[in-house]
Each structure stands twice: as structure tokens, then as C-alpha cells.
Q: 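Below: one structure in C-alpha cells.
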Number of protein chains: 2
Amino acid sequence: MPQQNEPGIGQDDEGEARTGDEVLINDAARTGDDARTGDERDAVDAITAQWNRERPDLEARPMAVFGRIYRLSRLMGDRMEKEYQRYGIGRGEFDVLATLRRSGEPYTLSPRQLSATLMLTTGGMTGRLDKLEKAGLLERSPDPGDRRGLRVALTGRGLDVIDRAVGSGLALQTVALDGLDAEEAAQLSALLRKLLLATERTGASSSGP
Amino acid sequence: MPQQNEPGIGQDDEGEARTGDEVLINDAARTGDDARTGDERDAVDAITAQWNRERPDLEARPMAVFGRIYRLSRLMGDRMEKEYQRYGIGRGEFDVLATLRRSGEPYTLSPRQLSATLMLTTGGMTGRLDKLEKAGLLERSPDPGDRRGLRVALTGRGLDVIDRAVGSGLALQTVALDGLDAEEAAQLSALLRKLLLATERTGASSSGP
DNA sequence: GCTAAGTAGCTTAGCGCTAAGCTACTGACC
DNA sequence: GGTCAGTAGCTTAGCGCTAAGCTACTTAGC
């Protein structure tokens, strides 16, 4: 279905590959820093337990945080991709339509604004616009003020599709988040915001050319 | 550099596309549920503010959680990809080596175990193994017990590369997570575990032909 | 005015993935 | 012991992306 690839911690699923892991794995739930709110172990606990056994010199706690972030991103991403297919669009196309929709009337932006917002190269943008235009969900017209540029606008059908799609995508997220109570969800949102800001900051002072 | 695509909330960066958004955006920090720990707004706050203006009928809070998860995943993923390139491998190859490494001595698994663990099709796995074998980081040998199967083992160079790469990848994560104090990090880890388990659970009772 | 640098959008080559189909082999059933 | 569904790994076609290069146009400097 989708097409991904990803970093950090591997994916795990069924049985771990070797014999006698379970003991060590149960150790690790106690070793970890976060044996508090949750009483159930997840796949990431198993992975950090393996790392603790093989490389006890490493402090593996950050891996647990980013490993879960990665897995949640991929899990929900795949799930939403499948949902959007009911409207005949993929995740990439959804993002284009959603950006136009939330920009407000007259639901018009330039390809340049879209590719910058979606962190996409112009080549990738051209492809998405081609597909959406062929599907009749948006229209390209010349920018009257700049003959190099275009303006991309949602059609009536495009507006209809995105308004329904965004609702059912949000529903999926809402169901998943129902596993947390209101206070936990608010706490999680705030902690993620803080981590996001901190992560963006540390990246700025990084490598080179 | 990398090659991605993603769901849900779009990416934002510089200026929002329309005039007079700033007012509404500042509203939204108060409107949100999570104006508590963090005192600074992030890009996701701006996006949910736009949605609140355009579609006040939608409860956009879950979008803030999963939007941040998506952005963090992509941000750190890209950053780690760049780091791994210093060792001559990409994220996909890293994951293969890391899975072998943390399985413990003799650092040997079958392609089937690897592709299941990494949630990859066999075709994708073949490609990764080809590249790693050509680079001399692993070896394929026939499985003595099953003539259909192979066994994939880390070479000495492969063990060396992954042991250094995993350290510097972890260092990047550690730096990013330093934006949170120890208690916040533990809380975040626990909440993410709970959300991951809940999300996996809701997916099970979903669609399907 | 003219030129040079910058910008908008499109095109092409290459990459890594999925999905689907292939051969080779295994193991359970009669 | 012959059959036949199941499994392992590889191959191919197709997709969406990036990176790099293109033309057309705009804007700043002289």
C-alpha cells in the first residue's frame, strides 16, 4: 500500500529472533524510566531490552521516545492513507488539498507556496498537481500579476472531497487518541510541542555544506 | 536528500499564505487544550488555528498530537539519515544492521526474519541485502537446515560500522531530548507507550476485504 | 534601455519501495 | 512414495519522490 522507509529503531512484530529473550525483556520494563502510567509493555520495550543486553554502555532511553514516535507516525500514516483511498486520493494529494482548504477562500495558492509549505521539491509538486488536476479536484490558471507563475485553486469537487476526507481522517485520529483521557492527551500534546521546538532548535546548530 | 511523503497535517514553514492570520493564530494558543507546560507556539498551533477558523465544526485537537508526531518523526528521520551517510549507509540499511546487531551473537538471522521485523516486502529486503553484501557489511550463506533459506550474518566490518553508527544516531536523539528534563522525558515516554498500544488496538477492529 | 541575477514551473534520470509473479524447496496427507 | 498447499528468496513493473537541469519571465543595478 504505502511506500515508506524509516529511521532509528527497527520495527518489531511477532517473536523475537532468538531463544530466551523473554526474561531479559521483562527485566527491562523495570529498568526503564517510564514504568509508571502504563502497565503494559510494547514492542519498543522489547527492542530497548535487547540493546541494553548487547550494549549496556549505551543509554537507550531516548531511543524509546523516538522509536515510539516513529512507529506511531508510520502506523497512523498507513491507516490514514487507506482511508483517503476511499476518496480516490493518496496522502500526498490529501496534503495539497488540505493546505488549499485551510488557507480559506478563495482556496487559491501558487505551486511555489504549496511546495514550500509541504517541504516538497518543485518536481514532486508538479506531479501531485498533474494528478489532482486530471481528477478535476483543482485547476491551474495563469497568475495575472506574474507571467512566470500559476495559481492553483480548489474546484467545487475538490472542496467537497477534502471537506469529507479531512473529517474521516480526523475521526481515525480521534478514535486512537481515545485510549488516553483528556488530561493525558493535553499533557502529551504539550510535551510533544516542547520536544518539537527543542528538536528544531538543536538541528539548527548542526553540520555543514 | 531522503525521500518521503506523509499524512495528516501538512508541513508549514515560513509565512502563512494569507493576510491577517497572525491574530487568529494567537487566539489559538489560548483556544488549544495544551497551553500549559509550553509557553511557545509551534507550527502545528498555526495549522490547527487555520482549521478552527475554516471548520469550527471539527474538533481539531487530535490533529495537534498526531501532527507533532509526524513532524518529529520526519525531522529526526532526516537528521539521522544524514548522520548515517557518514558511515556509507542509509536509514534502511542501518535498520538491517541494527536488527542483526541487537539479536546478539552470532549476529545471524534469515532474510525472512528481517523482512518481517522491519515490515518490509521480500523484494525490498533483497535490495537492501544486495547493497549491504556488496559493501562487505554482511554475508549471505545457505541455511544448512533448509535448502530454501538463507542466513544473513554481520561481517566484522558490519559489526564495527553498526556499533559506531548506533552510537552517533543515539547521540542525536539524546541532544534533542535534552530539551526536556528527566521527569518530562519519562512522562512523555510513558504517554507515547500508552498511545501506541491504544492505536494498535483500534486498528485491529478496522476495515478490510 | 540593457544586462545580470534571481525566481517560477516543468522535465528527466535515478532511487527505494510495493505488489505481483516466478522457481525451488519443504512437509503433511493420503 | 506421490501429491499439493505452503514457504523462502528473487525478479519485474510501476509509483512517488529527489536532484539537477531546462526555459520563460521578473527585478535590480548601471
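A quick note: this is a predicted structure, and the numbers were derived from the prediction, not measured. Within every chain, numbering begins at 1; the chains are lettered A, B, ... in the order of the sequence lines, protein sequences first and strands thereafter.
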Q: Listed by chain and number, what are the side chain to side chain donor-acceptor pair (under 3.5 Å) partners of B:Asp160, not counting sequence neighbours?
A: B:Arg164
Q: Does A:Lys131 have a side-chain nitrogen or oxygen under 4.0 Å from the phosphate oxygens OP1 or OP2 of D:dC15?
A: no
Q: Take the protein atom CZ of A:Arg91 and the nucleotide atom P of D:dG16, then report the distance between them rounded to whole Å.
A: 12 Å
Q: What's the CG-P distance between A:Leu114 and D:dC17, to the nearest Å?
A: 13 Å
Q: Rounded to whole angstroms, how far apart are CD on A:Glu81 and P on C:dT18?
A: 12 Å
Q: With sequence neighbours left out, what residues match B:Ser168 under side chain to side chain donor-acceptor pair (under 3.5 Å)?
A: B:Glu83, B:Tyr87
Q: Whole Å only: how far is the NZ atom of B:Lys134 from the P atom of C:dC15?
A: 10 Å
Q: Which residues pass the side chain to side chain donor-acceptor pair (under 3.5 Å) test with B:Arg148, sequence neighbours left out?
A: B:Asp146
Q: Output all residues satisfying side chain to side chain donor-acceptor pair (under 3.5 Å) with B:Glu139, sequence neighbours left out; order by chain, then residue number.
A: none
Q: Between C1' on D:dG16 and CG on A:Leu129, what's the gap in Å once rounded to a whole number?
A: 14 Å
Q: Quick one: list whatever passes side-chain contact (heavy atoms from CB on, under 4.5 Å) with B:Arg112, sequence neighbours left out.
A: B:Ser110, B:Thr122
Q: Please list, pair by pair, any protein nitrogen or oxygen found under 3.5 Å from a nitrogen or oxygen in nucleotides 4-9 of chain C.
A:
from, atom 1, to, atom 2, distance (Å)
C:dG6, N2, A:Arg148, NH1, 2.9
C:dT7, O4', A:Arg148, NH1, 3.4
C:dT7, O2, A:Arg148, NH1, 3.0
C:dA8, OP2, A:Arg112, NE, 3.1
C:dG9, OP1, A:Leu150, N, 3.2
C:dG9, OP2, A:Arg112, N, 2.7

